[in-house]
**Student:** 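What follows is a structure written as C-alpha cells; I'll ask about it next.
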Amino acid sequence: MSLPRSSHLGVLVCGAGVFGRNHLRVYRALEDEGVPVRLAAIVEPNLVRAGAAANDWGAPVFSSVEECLTARAKNEVDFAAASVCTPTSLHFSVSEPLLSAGIDLLVEKPIAASVEEATRLIDLAAQHNRILQTGHLERFNPAVLATGSILNHPMFFEAHRLSIFTPRALDVDVVLDLMVHDLDIVLSLVQSRVRSLHAVGLPILSRKVDIANVRIEFESGCVANFTASRVSTETVRKLRFFQPHQYVSIDYARKDLLVIDVSRAAHADPATFAAAAASAGAAGFPGLHIDKPAMKPGEPLRLEIESFLECVRTRSRPLVSGEDGRAALALALDINAAIAAHAERAGLARFANQP
Ligand SMILES: NC(=O)c1ccc[n+]([C@@H]2O[C@H](COP(=O)([O-])OP(=O)(O)OC[C@H]3O[C@@H](n4cnc5c(N)ncnc54)[C@H](O)[C@@H]3O)[C@@H](O)[C@H]2O)c1
C-alpha cells in the first residue's frame, strides 16, 4: 500500500520507553492542535512496549530502524524527521542509518556514548545537510531562557541535581544521565574552556557511579561546582550563580528564576550599607532588590520539540546543536576519567564504573 503525500511533516519516534512516550505525547498534542506535523511511525523492539505504543498512538510500529526505513523506501510510511529516544548506548547505531537516509534528527541527551560517535553523527549530518539537535531540554526551561537577558559576568556556579533511585538509564552513570544537563547549561552560559577539574564519584546502588561531585575552573576564572545523585531521598533541580552585585537562582523543576541584586550605590559605600543592614530586617535591606523576572510559561520538552520543528522547516541551526551535545559529552567523559583517577588514588578502583 502506498501513501498519499501529506503536506504535514511526518515524524518518527525511535524508542517508546519512559522518555520516548513523552516525545510521542508532545508530537500528538501538536498534531491535535493543528500544527502541520504528523506522528507517522514508531520504532520499538520490545514487544510489550510496541503493543502498548500501537494501541496508544495508532501509528505503525516497527521493530527496527532498518525495517522502518525499508517501509519508507516502499512509500508505506512517510517521515522526514525523527526523535531518537533509545538508551544512550544505542544513539549512534540508531541515528546513523537515519541521517544517511536524509532524516533530520532530535537525539536525546547525551548525544552518544563517545566523542568519536558524536563526531561521526555531526559529520554525517553535515554531509547530508541534515538538522542535528541534541535533547538538552533544560535549555528550553522558561527559567533558563529568561536568564539570557540578565547574564553578564558569571563567576561562580553551584548546581544540584538529585533524584530518587529508579532502575532506569543504568546503561550510563549519573554524570552522563543527570549531570550532563547542568554541564550543557553552564557551558552555554560561561562560554569559556575548562582549565582544570577535580571530581569524586561512587557507585552506590548500581554498577556505575551513582553520585558525583565536580569542581571545574574555566579559563575565564569562573568556578563551577556540580553535584548529581540518582540515589537521593529527594528530588532537587537547582542552579545558582553569582556575578558582580548579583545572585541568580534557578529552580528547574518549579521553572522559577530569582534575581537578588545589590545596587552599585549600596556597594560603593560598604560601611553605610553594613550599618543600615545591621539595623534593618531582611525585608528592609537597603539597596537589595529581589526580582522574579517575567517569563513565558511552557513545558521544556514541548518548547524543545517546537524549536526542532522550526529548524526543520527553516533549515536553521538548532539552539542546542550536535556540537553542543558533543561538548557536554566530552566534558562528562573527562569528569568520568577524573573520577576513575581519583578512585585509583584513593584505593577505591573496585568502586569505579563497571561495564
Ligand atoms: N531530556 C531528558 O530530560 C531525559 C529524561 C529521561 C531520559 N532521557 C534520555 O532518553 C533516552 C531514553 O531514556 P528512557 O528513560 O526513555 O529509557 P527506556 O529504557 O525507558 O526507553 C528506551 C526504549 O528504547 C527501546 N529500544 C531499544 N533498542 C532500540 C532500537 N534499536 N530502536 C528503537 N528503540 C529501541 C527500548 O526497548 C525502550 O523501550 C536516553 O538517552 C535518556 O538519556 C532524557
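In listed order, ligands and their atoms are each counted from 1.
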**Student:** When you compare ligand 1 with F19, is there at least one nitrogen or oxygen pair between them that comes in under 3.5 angstrom?
**Tutor:** yes
**Student:** Take every heavy atom of H91, measure it against each atom of ligand 1, and state whether any distance is under 4.0 Å.
**Tutor:** yes
**Student:** Considering non-hydrogen atoms of the protein only, which is the closest contact for atom 44 (C) of ligand 1, and what is the distance?
**Tutor:** E108 OE1, 3.1 Å
**Student:** Using the side chain to side chain donor-acceptor pair (under 3.5 Å) rule, pick out the option among Q133, R315, R313 that qualifies with D104.
**Tutor:**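 Result: among Q133, R315, R313, R315 is the only option passing the side chain to side chain donor-acceptor pair (under 3.5 Å) with D104.
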**Student:** Identify the heavy atoms of T134 and G325 that sit nearest to each other, and give their distance.
**Tutor:**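 Shortest heavy-atom contact: OG1-CA, 3.5 Å.
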**Student:** Can you list the ligand 1 atoms lying under 4.0 Å from a non-hydrogen atom of L137?
**Tutor:**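 The atoms of ligand 1 under 4.0 Å from a heavy atom of L137 are 1 (N), 2 (C), 3 (O).
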**Student:** I need the atoms of ligand 1 closer than 4.0 Å to a non-hydrogen atom of N46, numbered in the order shown.
**Tutor:**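 The atoms of ligand 1 under 4.0 Å from a heavy atom of N46 are 37 (O).
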**Student:** Show which atoms of ligand 1 fall inside a sub-4.0 Å distance from at least one heavy-atom site of G135.
**Tutor:** 1 (N)
**Student:** Return the CG to OG1 distance between L178 and T227, rounded to the nearest 0.5 Å.
**Tutor:** 12.0 Å
**Student:** Does a salt bridge link E116 with R120, judged by any charged N lying under 4.0 Å from a carboxylate O?
**Tutor:**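 Looking at E116 and R120, the cut-off is not met.
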**Student:** Is it true that the side chains of R215 and S196 contain a donor and an acceptor less than 3.5 Å apart?
**Tutor:** no
**Student:** Does W57 offer a backbone N or O that forms a donor-acceptor pair with the side chain of R28 under 3.5 Å?
**Tutor:**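 Such a contact is found between R28 side chain and W57 backbone.
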**Student:** Treating R230 as the side-chain partner and L205 as the backbone partner, does any N or O pair qualify as donor plus acceptor under 3.5 Å?
**Tutor:** no
**Student:** CZ/R237 to CG/N141 distance, rounded to the nearest 0.5 angstrom?
**Tutor:**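 Taking CZ in R237 and CG in N141, the distance rounds to 11.0 Å.
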**Student:** Check each heavy atom of L90 against ligand 1 and say whether those closer than 4.0 Å belong to the side chain, the backbone, both or neither.
**Tutor:**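 Side chain only.
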**Student:** Check each of A16, S83, P87 against atom 22 (C) of ligand 1 and report the one with the nearest heavy atom.
**Tutor:**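 It is P87 whose heavy atom sits nearest to atom 22 (C) of ligand 1.
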**Student:** Give me the residue, atom name and distance of the protein heavy atom closest to atom 31 (N) of ligand 1.
**Tutor:** V94 CG2, 3.7 Å
**Student:** Nearest to atom 12 (C) of ligand 1, what protein heavy atom do you find, and at what distance?
**Tutor:** C85 O, 3.2 Å
**Student:** Among all protein heavy atoms, pick out the one at the shortest distance from atom 18 (P) of ligand 1; state its residue, atom name and that distance to 0.1 Å.
**Tutor:**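 I find the closest protein heavy atom is R49 NH1, 3.8 Å.
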**Student:** At a 4.0 Å threshold, what atoms of ligand 1 neighbour a non-hydrogen atom of V43?
**Tutor:**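 Result: 32 (N), 33 (C), 34 (N).
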**Student:** H136: heavy atom below 4.0 Å from ligand 1, yes or no?
**Tutor:**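 Per 4.0 Å heavy-atom rule, H136 does not contact ligand 1.
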**Student:** Can you pull out the closest protein heavy atom to atom 25 (C) of ligand 1? Residue, atom name and distance to 0.1 Å, please.
**Tutor:** E44 OE1, 3.4 Å
**Student:** Run the salt-bridge test on E138 and K109 with the 4.0 Å N-O cut-off and return the result as yes or no.
**Tutor:** no
**Student:** Take atom CD of E219 as the centre, draw a 6.0 Å sphere, and report whether it contains more than 12 heavy atoms from other residues, nucleotides or ligands.
**Tutor:**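 Yes, enclosed.
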**Student:** Would atom 34 (N) of ligand 1 count as contacted, meaning some protein heavy atom under 4.0 Å?
**Tutor:**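 So atom 34 (N) of ligand 1 has protein heavy-atom neighbours under 4.0 Å.
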**Student:** Taking the non-hydrogen atoms of V65, is any one of them nearer than 4.0 angstrom to ligand 1?
**Tutor:** no
**Student:** Could an N or O of ligand 1 be found under 3.5 Å from any N or O of V18, whether backbone or side chain?
**Tutor:** yes
**Student:** Between R195 and E217, does any side-chain N to carboxylate O distance fall below 4.0 Å?
**Tutor:**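 Judged by the 4.0 Å cut-off on N to carboxylate O distance, R195 and E217 do form a salt bridge.
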**Student:** Considering heavy atoms of the protein only, find what lies nearest to atom 15 (O) of ligand 1 and give residue, atom and distance to 0.1 Å.
**Tutor:**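 Here the closest protein heavy atom is R168 NE, 3.2 Å.
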**Student:** By number and element, which atoms of ligand 1 are closer than 4.0 Å to a non-hydrogen atom of H181?
**Tutor:** 1 (N), 2 (C), 3 (O)
**Student:** What I want to find out is whether R21 reaches E44 closely enough, with some N-O distance under 4.0 Å, to be called a salt bridge.
**Tutor:**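 Looking at E44 together with R21, the answer is no, because their closest N to O distance does not fall below 4.0 Å.
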**Student:** Establish whether V320 and I185 are linked, either directly or via other cluster members, by ILVMFWY side-chain heavy-atom contacts under 4.5 Å.
**Tutor:** no
**Student:** Any nitrogen or oxygen of D177, side chain or backbone, less than 3.5 Å from one on ligand 1?
**Tutor:** no
**Student:** Between H23 and F19, what is the ring plane arrangement, given parallel below 30°, perpendicular above 60°, and tilted in between?
**Tutor:**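 Rings of H23 and F19: perpendicular, as their planes differ by over 60°.
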**Student:** Hey, which atoms in ligand 1 end up nearer than 4.0 Å to a heavy atom of G17?
**Tutor:**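 Those qualifying, in numeric order: 16 (O), 20 (O), 21 (O), 23 (C), 39 (O).
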**Student:** Within the 4.0 Å heavy-atom shell around T86, which atoms of ligand 1 are there?
**Tutor:**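 Going through ligand 1 atom by atom, the ones under 4.0 Å from T86 are 11 (C), 12 (C), 24 (O), 29 (C), 30 (C), 32 (N), 33 (C), 34 (N), 35 (C), 40 (C), 41 (O).
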**Student:** I need the nearest protein heavy-atom contact for atom 43 (O) of ligand 1: residue, atom name and distance, please.
**Tutor:** K109 O, 2.8 Å
